[in-house]
Protein chains: 2
Amino acid sequence: MSSRDRLVQVTARLIREKGMAATGINEIITEAGLPKGSMYHYFPGGKEELVKAALHSYKEWLGQSFKARMKGSSTAEEGLCGIVDFFIHDLTSSDFVAGCPVATVALESAGTSPGVSDGVREVMDHWIAGLCASLQYKGRAGNKNTAIDFITHLEGALVMARIYQSTEPLERLKLKITELLQNDYTTS
Amino acid sequence: MSSRDRLVQVTARLIREKGMAATGINEIITEAGLPKGSMYHYFPGGKEELVKAALHSYKEWLGQSFKARMKGSSTAEEGLCGIVDFFIHDLTSSDFVAGCPVATVALESAGTSPGVSDGVREVMDHWIAGLCASLQYKGRAGNKNTAIDFITHLEGALVMARIYQSTEPLERLKLKITELLQNDYTTS
DNA sequence: TTAAAAATAGACCGGTCTGTCTATTAATCC
DNA sequence: GGATTAATAGACAGACCGGTCTATTTTTAA
């Protein structure tokens with residue numbers, strides 16, 4: 001992996017674990033095994049640019065994962081269920097350390113860092129649009145609100161899952177998927 | 001207001017706006033207009049103790065508010081709707097700066113600060129229990145899962161609301177309250 | 001009134017923060 | 001092969017971090 005990618009990956013991981021403010025430049029470069037000069041070579045904008053790159057990376061990675069899970073499922077329900085399972089696996093295999101970095105950064109940056117907030121919004125828009133497209137691919141209406149409601153509940157469940165160190169909130173979300181999709185047969 | 005209370009209130013506000021890690025001791029005491037000695041007099045445990053006190057304050061404040069809204073409503077639906085309205089008001093009147101501090105701190109501390117994580121869990125337990133009791137008071141079963149589902153969705157909606165600087169996610173939650181309560185007539 | 005306790009006040013410490021700067025090495029291109 | 005650019009390397013700066021410590025002032029209680 002290139003030095004640039006390594007910086008982005010390390011940043012993404014640390015942000016996922018403890019947020020943006022608590023993640024330091026020195027920590028990032030140490031874990032990436034690179035000098036500070038390299039970091040400012042690839043990201044002249046400093047920490048903010050690096051965080052935005054990490055968000056972008058996460059946007060692509062998860063967007064692809066969403067699409068793959070939907071395409072590999074025979075129904076929309078199964079697809080959404082697969083997405084939740086993806087997070088369940090992510091949380092359990094990381095001992096509930098790897099949450100959704102978007103939510104963390106969103107809450108940290110909402111009032112203080114407009115540039116980062118824009119990045120967060122961009123990621124969310126991407127996921128919603130991708131989910132709509134996938135739902136339509138599965139013969140659903142693919143209403144934007146359906147995707148939004150799903151992601152809203154998912155974000156809430158991810159918060160609760162980390163609080164209680166339990167996948168139960170995500171399991172409960174899975175139980176509600178059918179209900180959530182029942183209004184997605186016609187356009188609104 | 002006492003010096004101690006002022007410290008707690010300032011801390012709670014700053015944490016709500018930008019999280020725990022980005023909020024510094026010096027910033028807190030400056031805004032509270034107190035010297036550092038006073039802060040460590042009331043909170044010998046330092047930042048962690050102060051954060052926990054802020055969480056506790058928020059727990060009580062919001063717990064009371066929940067109960068009041070439920071008691072002042074004729075139905076359970078109306079009560080939950082009132083709780084959502086409370087957050088809508090909170091967000092709009094603060095220009096979407098005042099989110100849910102519990103979620104922010106939860107995500108920041110999940111893997112790094114066990115003491116704070118415990119505090120977060122305690123707040124959440126308190127809210128859930130209070131909500132269950134209020135639902136029973138309104139003639140509902142007051143299943144724990146009903147309260148959990150509501151709060152889960154609420155937390156998700158609060159994240160989305162701050163991302164999009166819009167109350168729409170919370171308005172959408174209100175539309176789902178009836179559906180959410182439909183399984184709370186019998187115990188499970 | 002005086003002794004003890006509570007609260008205020010802020011200098012100070014070692015460490016870390018982001019970010020800048022100057023070299024030096026490695027790769028690329030003509 | 002020589003010049004130009006990319007990348008690595010890390011010393012350094014100035015600010016700020018959480019936290020400790022010693023006074024001083026205020027309040028309380030005997």
Side-chain angles (χ1 to χ4, degrees), chain A residues 1-55 57 101 104-105 108-109 111-117 119, chain B residues 1-57 101 104-105 108-109 111-119:
Chain A
M1 202 188 308
S2 75
S3 295
R4 191 185 184 280
D5 287 346
R6 216 155 64 228
L7 285 167
V8 171
Q9 291 310 311
V10 168
T11 306
R13 178 171 56 80
L14 291 175
I15 284 179
R16 238 152 83 101
E17 290 172 11
K18 55 186 180 178
M20 183 176 52
T23 299
I25 297 281
N26 295 318
E27 191 181 5
I28 293 169
I29 59 171
T30 299
E31 291 216 19
L34 286 171
K36 195 168 281 192
S38 295
M39 190 252 141
Y40 278 95
H41 171 75
Y42 293 110
F43 303 96
K47 193 179 185 178
E48 177 167 327
E49 192 181 340
L50 189 47
V51 167
K52 286 203 272 188
L55 285 177
S57 146
T104 314
V105 174
E108 280 184 296
S109 71
T112 56
S113 181
V116 175
S117 295
Chain B
M1 202 189 305
S2 75
S3 295
R4 191 185 184 282
D5 288 346
R6 218 156 62 230
L7 284 167
V8 172
Q9 291 311 309
V10 168
T11 305
R13 178 171 56 80
L14 291 175
I15 284 180
R16 240 152 80 101
E17 290 172 10
K18 54 185 181 181
M20 184 177 50
T23 299
I25 298 280
N26 295 315
E27 190 181 4
I28 292 169
I29 58 171
T30 300
E31 291 215 19
L34 287 171
K36 196 169 279 191
S38 295
M39 191 251 139
Y40 279 94
H41 171 74
Y42 293 110
F43 303 96
K47 193 179 185 179
E48 177 167 327
E49 192 180 341
L50 190 45
V51 166
K52 286 203 272 190
L55 285 177
H56 180 80
S57 146
T104 314
V105 174
E108 280 184 295
S109 71
T112 56
S113 182
V116 175
S117 295
D118 290 347

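A, B, ... follow the sequence lines: proteins, then strands. Residue 1 opens every chain.
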Taking only residues two or more places apart in sequence, or in another chain, which ones meet [X] in a salt bridge (Lys or Arg N to Asp or Glu O under 4.0 Å)?
X: A/Lys47; answer: none
X: B/Glu48; answer: B/Lys52
X: B/Asp118; answer: B/Arg121
X: B/Arg6; answer: none

Which pairs with one or both residues in residues 37-46 of chain A pass side-chain hydrogen bond (donor to acceptor under 3.5 Å, both in side chains), sequence neighbours excluded?
none
So, using side chain to side chain donor-acceptor pair (under 3.5 Å) as the criterion, who are the partners of A/Ser3 when residues are at least two apart?
none
Can you sort out the partners of A/Glu49 under side chain to side chain donor-acceptor pair (under 3.5 Å), two or more places apart, ordered by chain and number?
none
Along DNA chain D, 5' to 3', what are the outermost nucleotides having an atom less than 4.0 Å from a heavy atom of chain B?
D/dC17 to D/dT20
Mind checking side-chain contact (heavy atoms from CB on, under 4.5 Å) for B/Ala21 and listing every partner two or more places apart, or none if nothing turns up?
A/Ala21, A/Ala22, B/Glu108
Between A/Met39 (CE) and C/dC21 (P), how many Å, whole number?
16 Å
With salt bridge (charged side-chain N to carboxylate O under 4.0 Å, His left out) as the rule and sequence neighbours excluded, what pairs involving residues 30-39 of chain B come up?
B/Arg13-B/Glu31
Can you measure from CG (B/Leu7) to CD1 (B/Ile25) and round to the nearest 0.5 angstrom?
9.0 Å
Short side-chain N/O contact from A/Tyr40 to OP1 or OP2 of C/dT18, under 4.0 Å:
no
Enumerate the residues from residues 1-34 of chain B whose closest heavy atom to DNA chain C is under 4.0 Å, giving them by residue number; use none for an empty result.
B/Ser3
Selection: residues 44-57 of chain B, any non-hydrogen atom under 4.0 Å of DNA chain C
none
